[in-house]
Structure formats: structure tokens, C-alpha cells
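Structure first, commentary second.
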Protein chains: 2
Amino acid sequence: MKKDTSTEAKIKEAAKTVFLAKGFEGCTSREIANAAGMNVALVNYYFRSKSQLFKLVFQSAVEDIVLSTVHIFKTEQTLIEKMRYFIEKEYEFLAKHPEIPNFIINEMNREDGCFIEYNHLFQQVAETGIFNECMTEQAAGRMREISLVSMILLIMSNCQYPTISKKLMQSIHQISEDEYAGQLISHRSHVTEMIIAYLFPKNLSNT
Amino acid sequence: MKKDTSTEAKIKEAAKTVFLAKGFEGCTSREIANAAGMNVALVNYYFRSKSQLFKLVFQSAVEDIVLSTVHIFKTEQTLIEKMRYFIEKEYEFLAKHPEIPNFIINEMNREDGCFIEYNHLFQQVAETGIFNECMTEQAAGRMREISLVSMILLIMSNCQYPTISKKLMQSIHQISEDEYAGQLISHRSHVTEMIIAYLFPKNLSNT
DNA sequence: TATTGTTTTAAACGCTTGTTTAAAATTGTT
DNA sequence: AACAATTTTAAACAAGCGTTTAAAACAATA
């Protein structure tokens, strides 16, 4: 696995950094070129336009966060173990890439925003059988009756919102970045136990 | 209560609509002026600059959402009832003003973003005694031991994220705006029961 | 009505934006 | 070494940005 140091790759990498940090409207082509140490014209030489480059970055950001979850659900574990593991890994992922959720949500809300094809990505998650497994457990009375939308919302809300609202929370509680990171560690346990306890009410093995 | 139809008020109102929908960087002074049916120059005539006008709008958006919660906590109810009531009212508020949370979070994350004074607002919430009440209940063993940060995060995550991620969720699940609104209704019950059950584990009166 | 002060307008300001151009530099090939 | 193709550059383009200006329209007062 050699690192691609070509001009094209450098620009794309710089674009990812800048777009994730500032959004499509929040940055300029020249800013991206500078971040890559390149001339402005090269951005369009390799990617035709700012929008074109953005689409590539957006798509790969979505894939990053979706595909990071796929292999988790493929493990041989009980459903509860998978859920615990997923939340843990999601928090780890978001610690490394905190800008991604906000970035995706923002650009989707934008007028003329980025509407890409999610079907195949969502399909890949579905193909792990995680959703079917939930249906089975629900039918067997071992899991609470809940829609797929609600279940996904419960998990994503409690994983992503704490990262998305970092600046706001720091401001409200007057705490530093490190202090908030510390809070997130204990918050993760609360989230995990709360969700597991709610989704599997009769299960007694909750720690 | 007479409605202010002055030019100044019209511009401010239009600015609120446009800023909330598109953000500071996502719109232009001319766009705001047009939305108000006014000349561009009037924006700066009354508000000195686009940034100045934005600060007013941002401040009032924050106040809208914070102050909408204050009176809820002033009611004479048990802590659990207050929490249920708060979540209910928060969902109602967000149904009316779905852009506000995303708007605030976004602008706070922006470079040179809007850093306003939250102390007095957070203070107003604190003065309802809700936080002290939680401390008391925790000390008495009637409520789970949890930090203030985590408690607020739990509630805000589960109230705000479903609204913030509307477009994303619609895209993932391929559902219409109305269908998603319907999902939110049942989701609110899940959220309420889950949070109450988690925060007050020994309480038996959960429906 | 004449003279204020205020409000609104069209036009322009300098600057930055995304994008294009045409020449220069570099690389690859024979 | 000579030519061709590719890559990079500096400069320019028109369009749009926030903001300012100076004159016009309006309102109020005397």
C-alpha cells in the first residue's frame, strides 16, 4: 500500500480536510489549493470544478462512516453484544472523525445540497443481517417492538449528537475540550446501558 | 400587541427566515433585502453590516429555544412529570422551528463563528431549580447518579437529533416528509420512556 | 410653502469568487 | 538532442459579494 503523492491525490486530500472543516460554502477553491500547496488552476484541471471535487469528498465521507459499521455487524456475537460493540466503535470512530456527521447533515440540508445514492450503502448494512436479526428477536419477544427508523434514530442520536454539539456544550458548561472528551467517556456507558436496557427489557445480563 | 411593520422590523424578520434556512455563509445581503422587499442598502442603513444583523438573529434564535424551556421547569410537578412534559414540549417546539438546533450548532462550529453570552441564559434555566432538584433526588437515591453534562446530553440528543437529521433519515429510509413526521410521534414516546426508565430505575409508575 | 431631517433609491466601489486561458516548465519518447 | 504530450504557472475573465455614496423621495415642522 503505497501512499499516493501525486498532485491529484494531494488536492483531493486537502479538499477533504478543508471541506470537512468548513463545508462547501465556507471555503474557496484557492483555500483548497493552498492547503495542498498547489496552484488554483490545478483544482479545475484535475476535477473540472469545485462542485465536482466536493461530490467526491462528500461521497467518500459518507462511505467512511457507513462502511466503518458494516464489519462490526458481521462478527459472531449475540445481538446485544453487537449493539454494545457498535456503540463503542461508533464513539471511537467519531473521536477520530468528529466533523463527519455534522458535515453530512449540513450539506444534505443545503439548497442544491448533495443528494447521493444511499441505497447500495444502506443495502450493505442490511446485508449483514442485522435488521433481520432484530425482526426475529422482536417476533420472539426477546426485543422490544420498535420500528427500524426509531431504532436507528435512538442509536445515532446518542452517538452522534454529543460529538456534533461539542462546541455548544463546551460553551454552555464552560468546559475545555479535554474536559468534554472526558465527559464523553462516561456518557458512552450511560448511552450503552440505557439503550440496551430499553431495547431488551427482560434481559438480566445488563451490567 | 401590534405587529411592527416598519422597514427595520421587516428586514430583521426576513433575515431570520433566510439565515435560519441557509446560514450566514449560505445567503447574501441582497437575498435578505429581496425577501423583505427592500433595497440592499437598507440592510446596512439599519443594521450597519450583514454580520451585525446576523448576531441579532442568532441571539434571538438561542433565546427562543432556551426560554421556551424555562417556564416548563417552573411548573408544580414531580421531577419525572417535569421531564416527561419537557420532552413533549421540546418535540412540539422543534416541530414548529426545526431549523433552529442545526442553525445554532452550525454557526457555533464556524470559524469566526458566533460566540455569544450563554451564562445568563443557562442561569435562567438553573434558577428554575431543576438542576438542584436533580441533585437532591440523586442524593436521596431516587434518581440515577449522572453528571449534569450527561443528563442534558441524553435529553438533547434524543430530542434534537431526530429533527436535525431529518433529510438524512428521509434519504436513508426513502420516506416522505409526512411519513417521517409520523415516525417522530412514536419515536417521542420511545425516547420519553427510555430516558425516564434510565434516570429513575426504581420508579414503578412508568407506563 | 419653504426648510428641515429622515428614509429610500440606483449606482458604484473595491474585492473575492469560480473558472479559463495561453504561455511556460516538465516529462516522456524516439 | 529533438520533438510531442503532459503538467504547472501567472494572469486574466466575468460575475457576485458586502458595503458606500450621493442624490432623490418622503415626512415633519414652522
Side-chain angles (χ1 to χ4, degrees), chain A residues 2-61 103 106-107 110-116, chain B residues 2-61 103 106-107 110-116:
Chain A
K2 56 174 180 181
K3 186 184 170 188
D4 194 350
T5 58
S6 68
T7 302
E8 185 172 349
K10 277 196 227 164
I11 292 176
K12 194 172 174 182
E13 198 180 346
K16 190 163 188 171
T17 306
V18 176
F19 276 141
L20 277 168
K22 306 193 170 188
F24 179 77
E25 282 160 341
C27 71
T28 69
S29 300
R30 283 166 179 81
E31 198 172 350
I32 292 170
N34 288 343
M38 302 291 168
N39 190 287
V40 209
L42 289 175
V43 173
N44 282 22
Y45 177 75
Y46 283 104
F47 299 97
R48 279 177 47 98
S49 71
K50 186 192 177 190
S51 316
Q52 199 81 9
L53 176 54
F54 179 80
K55 276 184 190 166
L56 292 177
V57 169
F58 184 81
Q59 183 108 22
S60 91
F103 171 75
N106 258 302
E107 300 298 336
R110 217 180 72 223
E111 210 177 24
D112 308 321
C114 228
F115 293 105
I116 66 169
Chain B
K2 58 174 180 182
K3 185 184 171 188
D4 193 349
T5 59
S6 69
T7 301
E8 185 172 349
K10 277 196 228 166
I11 292 176
K12 194 172 173 181
E13 197 180 348
K16 191 162 188 172
T17 305
V18 177
F19 276 141
L20 276 168
K22 305 193 171 189
F24 180 77
E25 284 161 340
C27 71
T28 70
S29 300
R30 283 166 178 83
E31 197 171 351
I32 293 170
N34 288 344
M38 301 291 168
N39 190 287
V40 210
L42 289 176
V43 174
N44 283 23
Y45 176 74
Y46 283 106
F47 300 97
R48 277 178 49 94
S49 70
K50 186 191 177 190
S51 316
Q52 199 82 6
L53 175 54
F54 178 80
K55 275 183 191 166
L56 292 177
V57 170
F58 183 81
Q59 184 108 22
S60 90
F103 172 75
N106 258 303
E107 300 299 336
R110 218 181 71 223
E111 210 178 23
D112 309 320
C114 229
F115 293 105
I116 67 169

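Convention: sequence-line order gives letters A, B, ...; per-chain numbering from 1.
Nearest heavy atoms, B/Leu53 versus B/Ala15: CD2-CB, 3.6 Å.
The separation between B/Leu42 atom CG and D/dA25 atom P is 16 Å, rounded to whole Å. Between the C1' atom of D/dA24 and the OH atom of B/Tyr45 lies a distance of 14 Å, rounded to the nearest Å. For the pair A/Asn34 CG and C/dT16 C1', the interatomic distance rounds to 14 Å; values are reported in whole Å. The OH atom of A/Tyr46 sits 10 Å away from the P atom of D/dT9 (whole-angstrom rounding). The interatomic distance linking A/Asn39 (CG) with C/dT21 (P) rounds to 16 Å, in whole Å. One can place CD of B/Glu8 at 14 Å from P of C/dT6, the figure rounded to the nearest angstrom.
In this structure, the separation between OG on B/Ser51 and CG on B/Leu56 is 11.0 Å, given to the nearest 0.5 Å. To the nearest 0.5 Å, atoms CZ (A/Arg110) and CD (B/Glu25) are separated by 11.5 Å.
Remark: A/Thr7 is in phosphate contact with D/dT8, judged by side-chain N or O atoms under 4.0 Å from OP1 or OP2.
In this structure A/Ala41 satisfies the side-chain contact (heavy atoms from CB on, under 4.5 Å) test together with A/Asn39, sequence neighbours excluded.
Applying ring-ring contact (aromatic ring centres under 6.0 Å, His included) to B/Phe103 and the options B/Phe54, B/Phe24, B/Phe19 leaves one that passes, B/Phe54.
B/Lys50 places a side-chain N or O within donor-acceptor distance of the main-chain N or O of B/Cys27, the cut-off being under 3.5 Å.
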#### Entry: Contact state string [nucleotides 12-19 of chain D, B base, S sugar-phosphate only, - no protein heavy atom under 4.0 Å]
B----SBB
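At the heavy-atom level, A/Phe47 lies nowhere under 4.0 Å from the strands shown.
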